[in-house]
Amino acid sequence: RTLTAIITGASSGVGLQAARALVQKGNWHVIMACRDLPKTEQAARDVALPPGSYTILPLDLASLNSVRQFVQLFRETGRSLDALVVNAAIYMPRLKAPLFSEDGYELTVATNHLGHFLLCNLMLEDLKHATASPPRLVVLGTVTHNPKELGGKIPPQPDLGNLEGLAAGFKSPHVTIDDKKFEPVKAYKDSKVCNILTMREMHHRYHAETGIIFNSLYPGCVATTALFRNHYPLFQYLFPRFQKYITGGFVSEELSGDRVAAVVADPQYAQSGVYWSWGNRQKSGREAFIQEVSDQAGDDAKAARLWELSARLVGLA
Ligand code: NDP
């Protein structure tokens, strides 16, 4: 029996390798949910996905309209949904001023959090009718969300405040979640805290009732991906080497994809509400363990409030 997974942002990096690794398991069909279709077709060929093992569908997370259209297009395929992987993200460390999504929201949080928030909410219905039992919703986390970890100590640290910016409507001039000054690296980290809070809130709301497994993982530092394409060239040269030889946190794109696919498909990861990690210093054969999330990402009251405000911003409430 073939199972179906949707992976957002499967046109490069971790998402592409996760698609490759899932298809290699033999019983998975992958929906590559991407904004650049020719690029995605080429990427699928680059990792030798066999024809018939994947479908490319358009999704631009920076447009709530596109998210709704994507859900429609997926339903028209007639496939059941067995896993949804929340992977796509942008990171724009050199921005001097915020950019905006089609809906007028700050672009990093709109893409990484709000677009995915709407997608996850709409696709819960599809996951409830999965052929896999139980279905899974897997969210990519990052060590940089967590100031308790070495990799999360580098400033600026994420800070959602009391979600004042979201409460004020999150349109200019309210362009940050805490309604303070815009800083693009912080916007990325804030959005990743939101991803984990959303995963934990979905677990609290829906796991017992539906059996769906909601979890998150930090695959390691995949320092070579296009995520860093907007960084200075010198950073792009030094960062992978720094992670390889100094911190020991470096993980290849292939291994990161294998890890995502394992959390999507393998029985030992069938636990809901948790955050998987292989630690910061990589050693071969290292086993995954459940890691504590940051204080903010573990704050239940914040998760509930974020849910309520995000639902309003994406038009669900
Ligand atoms: P990449 O930049 O290689 O991949 C990001 C993907 O997101 C691309 O496919 C990109 O599409 C897609 N994307 C960006 N914006 C949109 C949009 N508006 N709509 C649809 N898709 C979009 O980054 P990585 O593979 O490194 O990152 C993937 C995930 O892994 C992220 O969630 C990141 O936070 C997480 N992660 C990465 C780590 C790392 O060290 N690299 C470490 C820990 C977590 P396009 O090809 O069109 O640009």
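Whatever order the structure lists them in is the order used to number ligands and atoms, beginning at 1.
- A salt bridge is absent between Asp159 and Lys186: the closest approach of a Lys/Arg side-chain nitrogen to an acidic carboxylate oxygen does not fall below 4.0 angstrom.
- Taking the six-membered ring where the residue is Trp, Trp307 and Tyr206 present tilted rings, their angle falling between 30° and 60°.
- Classified by interplanar angle (parallel below 30°, tilted 30° to 60°, perpendicular above 60°), the ring pair Tyr269/Trp276 is perpendicular.
- Residue contacts with ligand 1, taken as heavy atom pairs separated by less than 4.0 Å, do not involve Val86 at all.
- Of all the heavy atoms of Tyr218, the ones lying under 4.0 Å from any atom of ligand 1 belong exclusively to the side chain.
- The side-chain tip of Arg94 points at the ring of Tyr232 from less than 6.0 angstrom away and within 45° of straight on.
- Of the polar atoms of Gly220, none of the N or O atoms is found under 3.5 Å from an N or O of ligand 1, judged by distance alone.
- In Glu253, neither the side chain nor the backbone holds a heavy atom less than 4.0 Å from any atom of ligand 1.
- Counted within 6.0 Å of CD on Glu76, heavy atoms from surrounding residues, nucleotides or ligands total more than 12; the atom is thus considered enclosed.
- Contact annotation: for Tyr188 versus ligand 1, heavy atoms closer than 4.0 Å belong to the side chain alone.
- When the heavy atoms of Ser11, Ala88, Gly9 are ranked by distance to atom 45 (P) of ligand 1, first place goes to Ser11.
- Within 6.0 Å of the NZ atom in Lys180, the count of heavy atoms belonging to other residues, nucleotides or ligands does not exceed 12.
- By heavy-atom distance, the residue among Gln243, Arg35, Met32, Glu102 lying nearest atom 48 (O) of ligand 1 is Arg35.
- The distance criterion of under 3.5 Å between nitrogen or oxygen atoms is not met by Asp36 with respect to ligand 1.
- Short contacts between ligand 1 and Gly13, defined as distances under 4.0 Å to a heavy atom of the residue, involve ligand atoms 3 (O), 25 (O).
- Other residues, nucleotides and ligands place more than 12 heavy atoms under 6.0 Å from the CD atom of Gln42.
- Which parts of ligand 1 touch Ala62 is read off a 4.0 Å heavy-atom cut-off, strictly below it: atoms 18 (N).
- Using a cutoff of 4.0 Å between basic side-chain nitrogens and carboxylate oxygens, Asp300 and Arg200 are scored as salt-bridged.
- Atoms of ligand 1 lying under 4.0 Å from at least one heavy atom of Lys192, given by number and element, are 31 (C), 32 (O), 33 (C), 34 (O).
- Within the 4.0 Å heavy-atom criterion, both parts of Val222, backbone and side chain, lie near ligand 1.
- At a 4.0 Å heavy-atom cut-off, ligand 1 touches Asp60 through backbone and side chain alike.
- Per-residue contacts place Arg229 under 4.0 angstrom from the following atoms of ligand 1 (heavy atoms of the residue considered): 2 (O), 48 (O).
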